[in-house]
Amino acid sequence: MRLSRLFGKTMRQVPTEAESISHQLLLRAGMILQETTGVYIYLPLGWRVFEKIAMVIKQEMDRIGGQELMLPVLQPFDLWERSGRYVSFGSSLFTVTDRRERKLVLGPTHEEVITELAHRCVQSYRDLPLLLYQVQTKFRDEPRPRGGLIRVREFAMKDMYSFDTDEAGLAKSYEIVSQAYKVIYTRLGLPVQMVEADSGAIGGKDSHEFMVIADNGEDDIISCPACGYSANAEKAQSAKVDESGGLPLPLEEIATPGKKMIQEVASFLDIPASRTLKVVFYSADGEFTLVVIRGDLEVNETKLRNILKCSELRLATESEVKGAGMITGFASPLNVRNVKVVADDSITLGSNFVAGANKEGFHFRNVNYPRDFHVDVMGDVTLTKAGHICPMCGGELIAYRGIEVGHVFKLGTFLSDKFNASFLDRDGVSRPLVMGCYGMGLGRLLAAIVEQKHDDKGIIWPALVAPYQVYLCPLSGSDPKVASLAEEIYGELQAQGIEVLFDDRKESPGIKFNDADLLGIPLRLTLSPRTVKNDSIEAKWRWEKQFQMLPLENLPYSVVQLFQDI
RNA sequence: CGGGGCGUAGCGCAGUCUGGUAGCGCGCAGCGUUCGGGACGCUGAAGUCGGAGGUUCAAAUCCUCUCGCCCCGACCA
């Protein structure tokens, strides 16, 4: 490709809307352009990278026996009613109405379609196990897209679905796909960590995410340096320390004027926060809910949502709290009526707690569960943080941020049950298909590579996904010989199947070098009167400072050699 | 949905408070000089100032409504 003919220009200045590094660099390099909030155009260079990432993914999906197909974007709304997932996806679903007033969904994912397909096309255990996948555009009306390609409303995703006869088969498929994911990330040059995850709106049981560690990532990861346990903070567990306060003592009301926050109460009474109980109020699918947790811990809303099996969860408003008869700052699980009470299991790890008296200016001392109050639902709703104790080995947990570049789920049979997707086993008994699903966002992967592989000059593409392999950079100046020689070399390299971006522009060396760096092409070949004098050309890797001279004779061969050696 | 910010040429911005000829830099087009890390000179094209309504002799500027975009939070695969 001649740079003079390339559609999409590089930019010196960064458009103001770009905040994240990948967004800035991709815009400046002329690889993407925004259409509207969370919707992007891929320009020729960006699209080449995209296609190469897709190629790597498809190779690995095919290698494990995956069969590529293409499912529709437009999906009947009925499918989503049947699965019930129009509730959990809620307003993230893009819907359209056709001329006959029939409601359709722009697919945010394809479990419904594929399960219904399996219902029609899978009959026997002989058809299993089965791995199907596609690379397809998904539509999700995100509340807040951000970070360029990191979080968008229209995006390409590779989604694979596995069908097995039983749980053991699913476990095997899950493992095979997870391994393939790791191979993909390695080939793309991305260091990725597999962490335990919540399955969210997709539903299902076990779930893992693949994270690229990055400060501007959206997810919090909790990890144990000692044993390697790692999980999304939404899911992460911790070993909670028992804060025993001795044998239960009689309940006692104490004056705590103006002391509302846990810290204020604790220091006023000279006790650690872990010897107090705090309450938080939520509205769960419209139901007023009180959550009790030990004072030193915080509520994890994802866990709470799961334990309550609700889809809409938010903090209760002040008026809702008052309406339920609660006194903010002195609220208490004691003596509540007609209010659902959820408790974190940390309240059983300790005794003689201090809790609110539900009376302005007063707390109770020596509160003990279950002697003093009732709980409707008990479970782990603690938000795990750095410094907490590893549930596996007792080590100290640490926290950092990551970009989710893949997510795998063990779905089980909840969807096949709903769509009656079953097969006949060896004994002629009809059983539901056991499913798994495996997602990978291509655009996000592309952005994550840039986040990971760049310097102050620009992008540094791994050779495998670079839009072109070679940046041919003649510094012709007033020397027509250099220009014509460059044309020759361009032809020779192309004849050998090498992807060359030929900077045939009449620009100064500075501009050419800076564009080469910004675009991140792996190998830069610089031809100038100097090098021509020695029948040579200068070769420089984008990620190295040093360069080497290559003889002009047999140049395509030398270039191929160089790429083989990396 | 809550909070903050911004819409003026392809990009980055000034002008808005205090109403009176729409500007600067980059980029773009032409000519010439330059040519190993974002050169220089001259000439030139390009903006219904996000949109609608209002106030006024006069609106980028004041008022009202509206649309769009970004950031933080909520939410989210």
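Residue numbers begin at 1 in each chain, while the letters A, B, ... track the order of the sequences.
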Side-chain N or O of [X] less than 4.0 angstrom from OP1 or OP2 on [N]?
X	N	answer
A:R530	B:G36	no
A:Q13	B:G10	no
A:R314	B:G2	no

Between [atom2] on [N] and [atom1] on [X], what's the gap in Å once rounded to a whole number?
X	N	atom1	atom2	answer
A:L518	B:C26	CG	P	19 Å
A:L383	B:A74	CG	P	11 Å
A:M11	B:G25	CE	P	21 Å
A:R12	B:C11	CZ	C1'	12 Å
A:K457	B:G38	NZ	C1'	8 Å
A:L304	B:C75	CG	C1'	15 Å
A:R146	B:C75	CZ	P	11 Å
A:R153	B:G68	CZ	C1'	12 Å

TODO: Only counting residues at least two apart or in another chain, list the ones meeting ring pair (Phe, Tyr, Trp, His ring centres under 6.0 Å) with A:Y185.
DONE: A:F210
Base, sugar-phosphate, or nothing: which does [X] touch, judged by heavy atoms less than 4.0 Å apart?
X	answer
A:Y438	nothing
A:T302	nothing
A:S528	base
A:G147	sugar-phosphate
A:D517	base

Task: First encountered from the 5' end of RNA chain B, between A:S476 and A:E209 - done: A:S476
TODO: Find which nucleotide of RNA chain B each of A:L475 and A:F139 is nearest to by heavy atoms, and output the residue with the more 5' nucleotide.
DONE: A:L475
Open item on the list: Under the rule for side-chain contact (heavy atoms from CB on, under 4.5 Å), what residues qualify as partners of A:P529, not counting sequence neighbours?
Closed with: A:D479, A:V482
Say we look at [N] and [M]: how far apart would their [atom1] atoms be, to the nearest angstrom?
N	M	atom1	value
B:A9	B:G32	C1'	27 Å
B:G10	B:U48	P	9 Å
B:A59	B:C63	C1'	11 Å
B:C26	B:U64	P	39 Å

Open item on the list: Applying the salt bridge (charged side-chain N to carboxylate O under 4.0 Å, His left out) criterion to A:D220, which one of A:R401, A:K385, A:K235 satisfies it?
Closed with: A:R401
- [ ] With a 4.0 Å heavy-atom cut-off, tell me which residues in residues 503-515 of chain A come close to RNA chain B, sorted by residue number.
- [x] A:S508, A:P509, A:G510, A:I511, A:F513, A:N514, A:D515
Does [N] have a Watson-Crick or wobble partner in any strand here, with both distances under 3.5 angstrom, and which is it?
N	value
B:U55	none
B:U33	B:A39
B:U21	none
B:A45	none
B:C69	B:G5
B:U16	none

Task: SB check A:E112 A:R85 (cutoff 4.0 Å) - done: yes
- [ ] Mind jotting down which residue pairs meet the side chain to side chain donor-acceptor pair (under 3.5 Å) criterion with at least one end in residues 434-444 of chain A? Sequence neighbours excluded, please.
- [x] A:S162-A:Y438
State whether the distance check finds a donor on one side and an acceptor on the other, under 3.5 Å, for side chain [X] versus base [N].
X	N	answer
A:T526	B:G36	no
A:R28	B:G12	no
A:E538	B:G36	yes

TODO: Scan side-chain atoms only and decide if A:Y174 and A:D206 contain a donor-acceptor pair under the 3.5 Å cut-off.
DONE: no
- [ ] Evaluate the side chain to side chain donor-acceptor pair (under 3.5 Å) criterion for residues A:Y181 and A:K158: first the C-alpha distance (whole Å), next the side-chain angles of each, then the deciding distance (0.1 Å), finally the verdict.
- [x] CA-CA 11 Å; A:Y181 270 40; A:K158 187 286 300 169; 2.7 Å; yes
- [ ] Not counting sequence neighbours, which residues clear salt bridge (Lys or Arg N to Asp or Glu O under 4.0 Å) with A:D219? List them please.
- [x] none
Open item on the list: Test of understanding: with salt bridge (Lys or Arg N to Asp or Glu O under 4.0 Å), list the residues that count as partners of A:R2, not counting sequence neighbours.
Closed with: A:E487, A:D504
